Number of protein chains: 2
Amino acid sequence: MSSAANTLALLGHFTTARPEIGLTQLCRIAGRDKATTYRHLQTLEAAGFVEQNPITKQYRLGPALLQLAQIRESTVPRKSGAEPALAALADATGETCHVSVLSGTTLFALAACEAPRHSIRAIIDIRTFPLHATASGLCALAFGPTALRDAACTDLHPFTAQTVRTPAELDALIQTARDTGFARSDGSFEAEIHSMSAPIFDQTGGFAGAVSVASVASRVTPSLEHAICQHLTIASRDITHNWGGAIPQHVDAAWAKTLAPALEPAP
Amino acid sequence: MSSAANTLALLGHFTTARPEIGLTQLCRIAGRDKATTYRHLQTLEAAGFVEQNPITKQYRLGPALLQLAQIRESTVPRKSGAEPALAALADATGETCHVSVLSGTTLFALAACEAPRHSIRAIIDIRTFPLHATASGLCALAFGPTALRDAACTDLHPFTAQTVRTPAELDALIQTARDTGFARSDGSFEAEIHSMSAPIFDQTGGFAGAVSVASVASRVTPSLEHAICQHLTIASRDITHNWGGAIPQHVDAAWAKTLAPALEPAP
DNA sequence: AACAACGGTTCATTATTTGAACCAATCAGG
DNA sequence: CCTGATTGGTTCAAATAATGAACCGTTGTT
């Protein structure tokens with residue numbers, strides 16, 4: 001792994017849950033040498049990517065990130081184009097929702113929205129979504145570039161007992177997502193978390209990201225799942241529109257097929 | 001310069017004015033080898049710090065920055081604590097305003113706000129403020145850690161004919177800023193841009209950043225400058241309060257002394 | 001068809017990164 | 001007041017990873 005990549009990887013250890021990290025602590029988390037980590041932090045600090053809390057000497061993310069994020073957002077205003085739809089989705093479903101974007105072979109969290117309706121709800125505090133273990137990831141595999149499948153298979157990390165173990169199992173999930181227009185994960189990334197996801201497309205006509213609803217598994221019923229899927233299509237259409245894309249016909253057809261039968265429940 | 005630092009430095013070439021850059025173009029801008037730049041971009045892309053426009057193959061800032069910026073802002077909510085005051089300042093003065101934060105020995109742009117009152121106005125599209133040539137920078141030198149002065153003197157880059165050339169000249173400007181409570185630059189960074197700046201303090205009691213007003217030089221009169229200074233104190237007090245700090249007595253006294261005489265204009 | 005400009009790749013040379021061991025400062029407990 | 005444990009920070013020989021001139025293949029222009 002290149003030195004620069006290791007340096008950048010340090011930034012990934014800062015989260016809202018753990019926003020300030022000391023040198024020794026970061027070494028343990030990152031599993032790297034202290035001298036190396038120190039130099040990397042110096043480099044990041046010089047660039048404004050981290051700074052030291054002057055009191056505790058702990059490191060935290062720096063102000064340069066705000067600058068760059070602003071430029072990114074003015075270049076590709078995806079976040080602002082997703083937030084209203086996400087809020088509406090959270091409101092309609094009463095569950096925690098989030099949007100992710102695909103960049104290369106990695107799916108990045110872009111925005112999240114928690115509905116305060118339930119006192120127990122899912123929280124989303126991760127930066128990237130594993131392709132094989134999350135609904136968003138399966139969405140990317142089902143509707144994104146086919147090269148993603150091989151990338152995903154290089155590391156089928158078993159997060160829980162439910163996580164798929166073999167490429168063949170993964171292919172089955174991908175096929176189901178393609179057929180229904182939605183991806184689903186039930187405890188495959190985090191136990192007790194059920195998640196449904198729909199793809200988002202951008203101006204190139206390709207898969208751009210996914211919008212997802214994460215629920216506490218015990219609360220999910222078939223009718224709730226059906227309602228979530230309906231709201232997911234609304235959110236996906238909205239965000240896709242804002243990103244300058246269009247829903248491909250085959251996805252539209254899959255959604256119609258998946259959602260239609262419920263209109264005529266069996267006697 | 002370390003490899004990682006060079007890699008990070010590439011990010012600095014993306015601005016709102018030039019948000020997408022091709023490989024060859026970036027090599028020219030950065031003055032570096034093509035193979036090296038390419039590898040650096042690969043590293044950045046793998047980390048989500050840049051991505052390629054799938055159509056033009058040009059590179060642009062990536063989605064990971066949004067993530068990290070969000071964590072930074074939730075850790076140290078300075079931007080959101082500065083924006084309302086900045087908007088009020090822009091509205092009151094009718095000029096372009098901005099806030100910068102000190103991290104290490106570098107002053108980073110945090111937020112900017114343009115007042116649409118004038119069709120010709122200053123724009124702020126830089127990421128870091130040179131300490132010796134901008135009002136914000138002089139503010140940092142006058143009210144920040146004394147170590148900054150030596151850091152500033154290592155590169156007294158002559159941006160314009162008005163830029164200070166010697167440490168002695170710089171010391172004089174710093175002293176004036178300390179005495180008046182405001183820093184001023186008149187064409188020392190960009191010709192025809194006049195700028196006034198006031199310091200902001202945080203919970204450690206130290207200098208944390210600066211709030212500034214940039215105007216087209218030809219429009220500035222003594223009375224406008226006086227009004228700007230008054231509004232600057234309001235903004236500085238407001239932001240300092242939001243950041244958990246307090247205005248040191250000597251700064252308060254300097255402001256009072258600078259602004260008082262105008263209440264009793266000479267006959 | 002010739003040409004230029006671009007993104008991307010190769011490989012021997014070279015300089016940078018690396019990490020075990022080492023300081024100095026701080027803090028808690030006896 | 002000492003002692004030991006923990007922290008942030010530093011050194012230097014050994015080893016690894018970065019470098020860039022020259023090289024493809026593609027695209028779009030003349």
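Chain letters run A, B, ... following the sequence lines, proteins first, then strands; residues in each count from 1. These figures come from a predicted structure and were not determined experimentally.
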Rounded interatomic separation in angstrom, taking [atom1] from [X] and [atom2] from [N]:
X       : N      : atom1 : atom2 : answer
B:Gln25 : C:dG8  : CD    : P     : 14 Å
A:Leu26 : D:dG9  : CG    : C1'   : 15 Å
A:Glu45 : D:dG9  : CD    : C1'   : 13 Å
A:Gln42 : C:dT17 : CD    : P     : 13 Å
B:Leu41 : C:dG7  : CG    : P     : 10 Å
B:Glu20 : C:dG7  : CD    : P     : 12 Å
B:Ile21 : C:dG7  : CD1   : C1'   : 15 Å
A:Asp33 : D:dT16 : CG    : P     : 15 Å

Using a cut-off of strictly less than 4.0 Å, decide whether [X] has a side-chain nitrogen or oxygen near OP1 or OP2 of [N].
X       : N      : answer
B:His40 : D:dA18 : no
B:Tyr38 : C:dT9  : yes
A:Tyr59 : D:dG9  : yes

Which nucleotide, [options], lies nearest any side-chain atom of [X]?
X       : options               : value
B:Ser3  : D:dT19, C:dT18, D:dG8 : D:dT19
B:Ala35 : C:dT18, C:dG7, C:dT9  : C:dT9
B:Thr24 : C:dT9, C:dC6, D:dT10  : C:dC6
A:Leu23 : C:dT17, D:dG20, D:dG8 : D:dG8

Q. Out of curiosity, A:Leu131 CG to A:Leu156 CG, how far, rounded to the nearest 0.5 Å?
A.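 Nearest 0.5 Å value for the CG-CG distance: 10.0 Å.
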Q: Report yes if the distance between the aromatic ring centroids of A:Phe159 and A:His132 is under 6.0 Å, otherwise no.
A: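 Yes, close enough.
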Q: Determine, stepwise, if the pair A:Arg237 / A:Asp252 fulfils salt bridge (charged side-chain N to carboxylate O under 4.0 Å, His left out).
A: CA-CA 10 Å; A:Arg237 283 184 208 282; A:Asp252 224 346; 2.9 Å; yes
Q) Does A:Lys34 make a side-chain donor-acceptor contact with the base of D:dG9, cut-off 3.5 Å? A)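 When only heavy-atom distances are counted, A:Lys34 does reach the base of D:dG9 through a donor-acceptor pair under 3.5 Å.
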Q. What is the nucleic acid contact for A:Gln52, judged by heavy atoms within less than 4.0 Å: base, sugar-phosphate only, or nothing?
A.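 Result for A:Gln52 = sugar-phosphate.
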**Q.** Residue met sooner reading DNA chain C from 5', once B:Arg39 and B:Arg28 are mapped to nucleotides
**A.**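 Checking each residue's closest nucleotide, the 5'-ward one belongs to B:Arg28.
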**Q.** Residue pair A:His40 / A:Ser3, side-chain heavy-atom distance below 4.5 Å
**A.**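 Yes, side chains in contact.
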Q | Distance-only side-chain donor-acceptor flag, B:Thr75 / A:Glu20, under 3.5 Å | A |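 No, no side-chain donor-acceptor contact under 3.5 Å.
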Q. So which one's nearest nucleotide on DNA chain D is more toward 5', B:Arg32 or A:Lys57?
A.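 Result of the comparison: A:Lys57.
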